[in-house]
Amino acid sequence: MPSAPSAEVRRRIAVIGAGPSGLYAAAALADSGRPVDVDVIDRLPAPYGLVRYGVAPDHVKMKAVIRVLAKPFDPATVRFLGNVRVGEQGVPLDELRACYDAVVHATGSSVDRALGVPGEELTGSLGSGAFVSWYSGHPDFTELDPPLDHPGMAVVGAGNVALDVARVLAKTADEMADTDVPGPVLDALRGSAVRDIHVVIRRGPQHVKFTPAELRQIGELANADVVVHDDGVLAAGVPEPPERRQKQNIAMLTEWSGRAPQDRPRCIHLHFLRTPVRLEGTDGRVSRVVLERNVVDGERVRGTGEEEVLDVGLVVRAIGYAAEPVPGLPFDTATGTVPNAGGRVLRDGQPVLGAYVTGWIKRGPTGVIGTNKGDAHETVEALLEDLDALPPAAGDVADVLARHAVEPIDWTAWLRLDAEELRRGGLRGTDRVKVAEVAEMLAAARAADAELDPAFSRG
Ligand code: NAP
């Protein structure tokens, strides 16, 4: 890192996206020892991104990382500007850019990848991003209303997201009541008729992306059996995989493949070597998913042309995400990321002055929460190396927000919303119950302001 010039002027940096990658970047900037003022901007009134809206509600320990992510919000250096949408329907990026010496984009990968098979447009066919966001109380998905009135559902994919979806649906509503899911979600889960949860995996047991800890959890569910459908490949012996986590997965799956179901109320079926080839429906709603049987061919699989059918009312594809292009930034549609070198945004191979990326929009949707820390450090290091050469910005973000009639939610306001969620949690006998509707979130965040506002109290 270069040494700071004498009498260094304070620099202003925006981090767009208050998920783990953005917050690790904000922390790295705040801890850098350089005189920087950082604004963390998010379109939602609440921080934490995928920790709040992606980590499964029953993974309470994983959410404890929030304590670490909250640290940089010392008002002397890092501010939170929630409820600020950047882009076409909000504050244009170029206007925001004029207020900051550098901008770190940390908006993640929010688009569900498609299977590209017929019938995917039917009601009851959803991406995992939408489904997970719904049960996590994301304001954009409160109206999703996923059909849970059929005894069968399928989740496609062999990553941790597929297991999260399967586990949440396999748990009873009483088990889920002890999490932060919003009241309407808990009501929907209480009314769920789902009994058979089919996890559809295109390759073999040696190829799954699950981590052993997550796989173990579905084997420990009190109210659900796990049945392995592997065409006998485990018994025949799969080739020894190189990684420890794959060996652990295979040991677990091999043990389960010999287990008899215990007649528990729900059942998770792990279907290996099956590719969904089409979704079929009745009256516009998914009623069946048709699978093609595969055989292993080295590290890949080959379709056999043989089909089988699962009767389901819901199909969730958990096959990964892509980033949404950021208007004004270059975008690589093949990788679904912003082209960059170590976090410096590249246009036609050349760095874009003052523009940086971190997290999934930089490297794609991989890794665990902690992966974002090293990633953010790399980006911040690049930014700090460039800082002296970046022209200081002249604009004032308060003016820009006022011009667009945007009233941000600052950290103190978020803490009011946080307190309201904790209060609701107390009423349900859990730690927190999320507020999911934006209007309600804003009302809770601004409650104290409203009390202080004489015009409001008179009204
Ligand atoms: P992922 O780990 O990349 O898994 C995606 C899965 O989808 C793979 O099994 C892949 O199979 C399959 N797939 C892709 N395209 C497909 C297609 N066209 N048809 C059928 N299957 C297809 O993605 P993810 O589950 O979305 O997770 C994203 C990241 O978040 C991962 O790094 C994950 O570990 C992390 N995460 C962690 C946790 C946790 O720690 N508890 C929870 C959630 C997410 P192939 O291998 O055959 O391509």
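Note that ligands are numbered from 1 as they come in the structure, with each ligand's atoms numbered from 1 the same way.
- By the 6.0 Å contact criterion, CG on D297 is enclosed, its count of non-hydrogen atoms from other residues, nucleotides or ligands being greater than 12.
- The pair R190-D174 meets the salt-bridge criterion, with a side-chain N (NZ, NE, NH1 or NH2) lying under 4.0 Å from an Asp/Glu carboxylate O.
- Within the structure, ligand 1 has D164 among the residues with a heavy atom less than 4.0 angstrom away.
- Contacts between W360 and ligand 1, counted as non-hydrogen atom pairs separated by less than 4.0 Å, involve the side chain only.
- Side chains of Q217 and H59: a donor on one and an acceptor on the other come within 3.5 Å.
- Under a 4.0 Å N-O distance rule, the pair D180/R424 does not qualify as a salt bridge.
- In terms of protein heavy-atom proximity, atom 44 (C) of ligand 1 is nearest to V161 CG2, 3.6 Å.
- With a 4.0 Å cut-off on non-hydrogen atoms, L115 touches ligand 1 through its side chain and not its backbone.
- With a 6.0 Å radius and a threshold of 12 heavy atoms from other residues, nucleotides or ligands, Q89 has its CD atom at or below the threshold.
- Under 4.0 Å is where a charged nitrogen must lie from a carboxylate oxygen, and between D149 and R285 at least one such pair does.
- The closest protein non-hydrogen atom to atom 38 (C) of ligand 1 is N160 CB, 3.5 Å.
- Of the charged side-chain nitrogens involved, none lies within less than 4.0 Å of a carboxylate oxygen, so that R52 and D42 do not count as a salt-bridged pair.
- Contacts between A318 and ligand 1 below 4.0 angstrom, taking non-hydrogen atoms only, involve the backbone exclusively.
- Under the 3.5 Å distance criterion, the side-chain polar atoms of S125 are left unmatched by any main-chain donor or acceptor of E121.
- Taking a cutoff of 4.0 Å between a charged side-chain nitrogen and a carboxylate oxygen, E307 and R278 qualify as a salt bridge.
- Residue, atom and distance of the protein heavy atom nearest to atom 4 (O) of ligand 1 are G159 CA, 3.6 Å.
- Here the heavy atom of the protein found nearest to atom 9 (O) of ligand 1 is A158 N, 3.0 Å.
- Each of the atoms 45 (P), 46 (O), 47 (O) of ligand 1 lies under 4.0 Å from some heavy atom of R203.
- For K247, the NZ atom is densely surrounded, since the number of other residues' heavy atoms within 6.0 Å is greater than 12.
- Of all the atoms in ligand 1, the ones that sit under 4.0 Å from a non-hydrogen atom of T366 are 32 (O).
- Of all protein heavy atoms, the one closest to atom 22 (C) of ligand 1 is I319 CG2, 3.4 Å.
- Scanning A162, A56, P365 for the heavy atom closest to atom 29 (C) of ligand 1 points to P365.
- Of all the listed residues (R317, H207, R202, R167), R202 holds the heavy atom that lies closest to atom 48 (O) of ligand 1.
- If you number the atoms of ligand 1 from 1 as listed, the ones under 4.0 Å from a heavy atom of G367 come out as 30 (O), 32 (O), 35 (C).
- Here the heavy atom of the protein found nearest to atom 41 (N) of ligand 1 is E214 OE2, 2.9 Å.
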